[in-house]
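Every heavy atom of this structure was used, including side-chain atoms; hydrogens, water molecules and symmetry mates were not. Owing to the predicted nature of the structure, the values given are computational and were not obtained by experimental measurement. Letters A, B, ... are given to chains in the order of the sequence lines, protein chains preceding strands, and every chain is numbered from 1.
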Number of protein chains: 4
Amino acid sequence: MKVGILTSGGDCPGINATIRGVCKAAVNHYGMEVYGIRNGFRGLLDDDIVRLDNNSLTGLLNLGGTILGTSRVKPFKRRGSGAFSEDKPAILLQTIKDHQLDCIVCIGGNGTQKTAARLAEMGVNVVGIPKTIDNDVWGTDVSFGFDSAVSIATDAIDRLHSTASSHQRVMVIEVMGHKAGWIALYSGMAGGGDIILLPEIPYDMHRIGDAIIDRLKRGKPYSIVVVAEGIQTLGGKKAAQYIAEEIEYETGFETRETVLGYIQRGGAPTAYDRNLATRMGGHAVDLIAQGRFGKMVALRGDSIDSVALSEVAGKLKLVTEEHDLVVQGRHMGICFG
Amino acid sequence: MKVGILTSGGDCPGINATIRGVCKAAVNHYGMEVYGIRNGFRGLLDDDIVRLDNNSLTGLLNLGGTILGTSRVKPFKRRGSGAFSEDKPAILLQTIKDHQLDCIVCIGGNGTQKTAARLAEMGVNVVGIPKTIDNDVWGTDVSFGFDSAVSIATDAIDRLHSTASSHQRVMVIEVMGHKAGWIALYSGMAGGGDIILLPEIPYDMHRIGDAIIDRLKRGKPYSIVVVAEGIQTLGGKKAAQYIAEEIEYETGFETRETVLGYIQRGGAPTAYDRNLATRMGGHAVDLIAQGRFGKMVALRGDSIDSVALSEVAGKLKLVTEEHDLVVQGRHMGICFG
Amino acid sequence: MKVGILTSGGDCPGINATIRGVCKAAVNHYGMEVYGIRNGFRGLLDDDIVRLDNNSLTGLLNLGGTILGTSRVKPFKRRGSGAFSEDKPAILLQTIKDHQLDCIVCIGGNGTQKTAARLAEMGVNVVGIPKTIDNDVWGTDVSFGFDSAVSIATDAIDRLHSTASSHQRVMVIEVMGHKAGWIALYSGMAGGGDIILLPEIPYDMHRIGDAIIDRLKRGKPYSIVVVAEGIQTLGGKKAAQYIAEEIEYETGFETRETVLGYIQRGGAPTAYDRNLATRMGGHAVDLIAQGRFGKMVALRGDSIDSVALSEVAGKLKLVTEEHDLVVQGRHMGICFG
Amino acid sequence: MKVGILTSGGDCPGINATIRGVCKAAVNHYGMEVYGIRNGFRGLLDDDIVRLDNNSLTGLLNLGGTILGTSRVKPFKRRGSGAFSEDKPAILLQTIKDHQLDCIVCIGGNGTQKTAARLAEMGVNVVGIPKTIDNDVWGTDVSFGFDSAVSIATDAIDRLHSTASSHQRVMVIEVMGHKAGWIALYSGMAGGGDIILLPEIPYDMHRIGDAIIDRLKRGKPYSIVVVAEGIQTLGGKKAAQYIAEEIEYETGFETRETVLGYIQRGGAPTAYDRNLATRMGGHAVDLIAQGRFGKMVALRGDSIDSVALSEVAGKLKLVTEEHDLVVQGRHMGICFG
């Protein structure tokens with residue numbers, strides 16, 4: 001049995017731990033061969049494929065990024081006139097055939113799982129593994145990378161409290177999350193944010209201003225505001241800048257912004273993410289051994305399960321008002337906008 | 001509504017975040033009053049109770065330990081002749097009555113939840129919140145404190161790799177876990193342990209020796225061994241010391257031991273634990289508001305729920321051979337003894 | 001003996017440790033009284049002064065920010081017409097007299113030490129303690145706060161390596177340092193930056209482009225660029241944005257920027273900074289006890305000494321081409337522009 | 001020019017950064033060839049030598065341990081009858097000759113520098129670089145590895161405060177340091193230890209007991225005690241265990257001990273140590289280029305310098321009562337025994 005493995009989309013802590021998990025389980029337990037496809041789907045177009053063995057795996061458990069490289073190449077994306085970017089799917093299939101790969105493990109976020117679903121439709125044996133710091137892949141309770149990103153963002157918010165209270169300022173911090181506000185919600189709550197703005201929940205600048213003034217009245221002349229990058233703004237402004245300017249206008253408070261950026265996706269994964277990655281990687285190989293293709297590995301409660309790729313494709317897991325961290329946040333006096 | 005709150009048993013990261021969560025939700029949302037009972041159940045015997053308000057809560061989210069203090073006092077424990085340590089339960093009830101506490105939130109591990117169940121049987125309105133780094137409280141998927149302890153232990157194991165490989169040694173590290181091996185399992189897997197010994201899985205020194213020799217043959221003349229403190233040993237020896245001596249005897253490898261000890265339970269909780277603590281604290285107050293007593297708050301999958309204290313009391317959640325981290329660990333070549 | 005203490009300018013890790021050091025040494029050893037002046041020199045204008053005792057000091061050693069608050073108020077700064085902002089110095093002196101303060105400890109950066117020197121000229125007993133993450137106070141080898149800022153920045157740069165290598169990108173990170181490039185130099189070297197740009201060393205975009213292309217030729221299709229916020233740019237652009245745009249233009253490489261911002265100055269100080277802060281705080285009190293005023297505490301080699309405030313005022317400690325970290329960096333192939 | 005490099009004695013954070021520094025400066029700037037001698041001086045006896053080039057250096061800056069391996073082999077140590085372990089020095093010289101190594105860089109602690117001095121006496125071109133977490137190498141203000149060890153120990157002490165205050169206990173923590181108490185002093189002071197015991201300062205159990213009782217009287221019914229492993233004990237007991245037992249006996253306080261152990265020497269070096277390692281590595285190559293052999297690189301104040309190996313050999317840098325961290329500690333009420 002020859003297993004191809006690729007990593008696609010934005011890098012994220014835990015990818016290497018997953019690659020390690022897949023390889024170790026496949027090679028040691030099932031006696032399979034594993035081939036690394038470089039730079040996501042581009043490696044299938046470029047025929048850039050390398051054999052992975054146990055020696056390739058040293059030090060991978062806590063190494064950030066992906067040793068296979070990644071890209072955002074989408075082989076099924078239509079271009080310009082609406083016609084398929086002609087032969088890409090055919091090239092893909094040919095490469096898989098040439099290397100006699102019996103199946104492909106696709107590690108990636110929503111875009112990757114969508115492509116994986118298309119590959120499955122074309123008859124390729126595919127197993128998906130969800131990977132995203134944004135935690136917005138539908139069908140799994142949690143994706144690895146998320147806990148690491150939340151940890152880094154929480155640590156940053158912890159640090160901002162020093163400056164906020166010492167200088168009596170409002171500090172606005174922008175964290176990742178274009179469509180889904182999971183990082184903002186979890187890091188905002190863990191970091192003791194006073195105001196947390198998510199793409200999923202509309203906000204009102206007056207209410208935000210009132211929340212800040214209200215804290216002043218209770219003897220706290222400073223506030224921490226955590227915003228997801230994907231919240232709506234006016235004039236095409238970036239989230240943190242827009243909110244900071246509006247807060248200064250509304251309240252007269254000195255307000256400063258920080259955009260956390262790429263450090264949220266780099267570095268060693270947390271212990272939580274390493275284990276989630278290992279469990280998911282191993283489970284993917286179990287699915288392969290059982291011939292259960294067209295599935296995405298998923299965390300359900302406390303155990304690892306799987307879900308049909310066709311069900312996942314095109315969906316997005318978003319924060320809702322009913323999520324208990326939102327509900328409890330409101331009870332505790334957090335302003336969600 | 002007057003709510004009493006106490007923390008009992010070993011300290012653990014996230015207790016203060018829970019106290020904060022209970023207070024903020026109770027005071028801000030439900031307009032309840034919250035009273036801190038000091039030093040666990042001893043505070044009910046000593047009548048040591050203080051009012052908690054919003055000002056008491058600054059800085060609690062990421063503060064280790066418990067501001068209420070804790071003790072291992074078990075008011076229902078029979079002494080000597082088998083007779084009840086006479087009046088303790090009566091004193092408890094009287095203190096609760098004197099302070100007109102409508103209910104008691106008991107934050108603690110298995111022993112605490114058992115006592116909470118007894119209090120409930122006696123007619124006290126009780127809500128339990130599970131707290132233990134050991135993760136062995138029955139009825140909840142995870143207890144807060146566990147993720148923090150695993151993070152600390154994983155960080156320590158990461159560090160031991162340097163010495164193991166530089167000196168070509170076997171490094172044995174002992175982590176907490178008397179009856180349950182959850183910390184050893186999760187930190188051992190996350191830290192890249194080669195051999196992981198849990199109280200729940202019997203081990204064989206020959207197989208361990210073989211695993212170490214086998215690594216040598218594959219070009220890795222060093223190994224990391226993670227042991228729970230509660231594994232069986234001979235001659236009353238401590239876990240790490242016993243295993244280290246036996247490994248030297250079996251393999252002739254230079255072997256060194258480290259006992260991680262109390263640093264596993266101290267310091268700031270991880271973001272994961274802070275949010276779990278906040279959600280559980282808030283949910284406890286929801287239960288109180290709904291008059292649903294005799295319950296322990298529990299994490300079930302991705303949401304917070306509750307379970308009857310009578311179901312929890314006296315049970316222990318242990319690692320089983322079927323746990324997928326054990327299964328995947330074996331697939332990847334980890335020796336579990 | 002009554003000692004006043006104030007903290008002025010930007011907040012920085014280790015200020016609270018210094019306050020603790022001053023208080024403990026003054027109260028316990030010398031039997032002095034210590035008074036905290038709130039919000040920097042503004043507290044002397046507003047008469048906002050509180051007694052500090054041992055109970056005020058719990059938890060200060062590793063707490064970020066400053067419990068006394070800070071401001072950038074400069075009481076000797078001329079306004080508009082060039083006239084002194086009339087009575088401010090007189091108000092200051094009156095407040096000091098009213099509270100019978102025998103001396104003032106001024107914890108701050110270059111601006112603060114300049115004001116302290118002016119106060120000394122006016123006859124106030126002053127002792128300065130240098131505090132700045134920028135490390136640009138003249139007269140001391142190191143200021144506390146610097147090591148913490150470098151640690152945070154280095155950790156961030158470590159994380160960017162993941163994304164740089166996985167996506168084959170150039171990652172530009174902007175760290176603090178308006179006039180002095182110490183943070184960029186130390187974090188850039190510690191974080192494995194390939195190109196490090198400081199305000200003190202002119203750069204040439206062609207040489208930078210060549211360095212990146214040269215790395216590509218040696219099989220490294222990615223680079224890490226560390227820039228101080230104070231480097232010269234065109235069009236009023238911010239450092240990271242400008243450099244990222246220019247690199248994309250020069251090399252065609254996909255380039256991304258991160259501005260680290262305020263997290264560099266917040267949170268718990270490193271062990272190094274805590275000890276430096278403690279030593280400096282204690283030494284300040286020794287100077288007071290010996291009646292040696294008009295001095296700033298300074299680290300010289302391995303020991304704590306002092307320097308006349310009049311010597312320090314108005315000077316800036318900058319990176320030079322001869323600094324051995326620059327020299328060794330060049331030897332190792334780092335491009336400094 | 002052919003440069004041999006070896007690492008000897010206990011592993012320590014920053015060794016790999018030094019190797020990287022030596023190689024990069026030697027190869028890129030001076031056009032030298034660098035050869036890694038494996039497992040300390042054993043590699044010269046076993047003829048175990050590998051060429052190092054730029055590709056060997058990826059990821060070394062923040063990697064713990066030593067990629068060259070280490071051992072405690074002392075080729076000049078007399079055995080049994082007092083006779084030299086016959087030919088070892090001769091074998092050493094022959095290996096150096098066979099490989100045409102023009103000089104040897106010896107990275108290690110006191111023992112290593114002593115051996116290096118002997119090699120120099122025999123006519124070998126030697127440059128030493130001090131490496132020890134213990135900071136006891138004479139002739140340099142600081143050795144790399146020390147700051148990392150202090151950081152790890154301080155982090156551990158920070159964590160113990162949680163348990164100490166929550167359970168009202170005395171917590172004793174044992175850190176490394178057989179003869180020199182630098183780690184205990186610096187981590188004890190940075191971690192807020194109440195009692196700090198060093199091998200260099202005799203202690204009295206009554207005074208320690210009094211200090212603990214005294215804290216109780218001031219409302220602090222708990223204490224943190226930091227002890228170096230090398231303090232004198234009775235009955236051959238380990239430092240922490242002995243002190244914990246004696247404190248329980250003297251005060252009746254519940255006392256718990258933790259032995260920090262090997263985690264102090266593993267893992268990624270701090271930014272401080274990485275830069276110190278880089279600077280020292282680069283300076284060693286400068287010395288070689290200048291033909292200045294028989295020297296050990298040394299930090300003096302803020303700059304890198306060197307000292308004759310003959311001066312260093314056999315000496316030990318110890319803590320004295322006059323060290324200002326001891327003096328200030330006493331002023332602040334710390335009990336040093």
Between chain A and chain B, identify every pair of one donor and one acceptor N or O atom lying under 3.5 Å apart.
residue, atom, partner, partner atom, Å
A:Asn28, ND2, B:Met332, O, 3.2
A:His29, NE2, B:His331, NE2, 3.2
A:Thr58, OG1, B:Lys220, NZ, 3.3
A:Asp158, OD1, B:Arg274, NH1, 3.1
A:Asp158, OD2, B:Arg274, NH1, 3.3
A:Asp158, OD2, B:Arg274, NH2, 2.9
A:Tyr186, O, B:Asn275, ND2, 2.9
A:Ala190, N, B:Asn275, OD1, 3.3
A:Ala190, O, B:Arg274, NH1, 2.8
A:Lys220, NZ, B:Thr58, OG1, 3.3
A:Arg274, NH1, B:Asp158, OD1, 3.1
A:Arg274, NH1, B:Asp158, OD2, 3.3
A:Arg274, NH1, B:Ala190, O, 2.8
A:Arg274, NH2, B:Asp158, OD2, 3.0
A:Asn275, OD1, B:Ala190, N, 3.3
A:Asn275, ND2, B:Tyr186, O, 2.9
A:Arg279, NE, B:Asp324, OD1, 2.8
A:Arg279, NE, B:Asp324, OD2, 3.4
A:Arg279, NH2, B:Asp324, OD1, 3.1
A:Asp286, OD2, B:Gln328, NE2, 2.9
A:Asp324, OD1, B:Arg279, NE, 2.8
A:Asp324, OD1, B:Arg279, NH2, 3.1
A:Asp324, OD2, B:Arg279, NE, 3.4
A:Gln328, NE2, B:Asp286, OD2, 2.9
A:His331, NE2, B:His29, NE2, 3.2
A:Met332, O, B:Asn28, ND2, 3.2

- [ ] Pick one of side chain, backbone, both or neither for B:Leu61, based on which atoms fall under 4.5 Å of a heavy atom in chain A.
- [x] side chain
Task: Heavy-atom pairs under 4.5 Å with chain B, option from A:Val150, A:Ile304, A:Val27, A:Val142 with the top count - done: A:Ile304
- [ ] With sequence neighbours left out, write down each residue that passes side-chain contact (heavy atoms from CB on, under 4.5 Å) with B:Cys23, or none if nothing qualifies.
- [x] B:Ile19, B:Val34, B:Leu52, B:Leu57
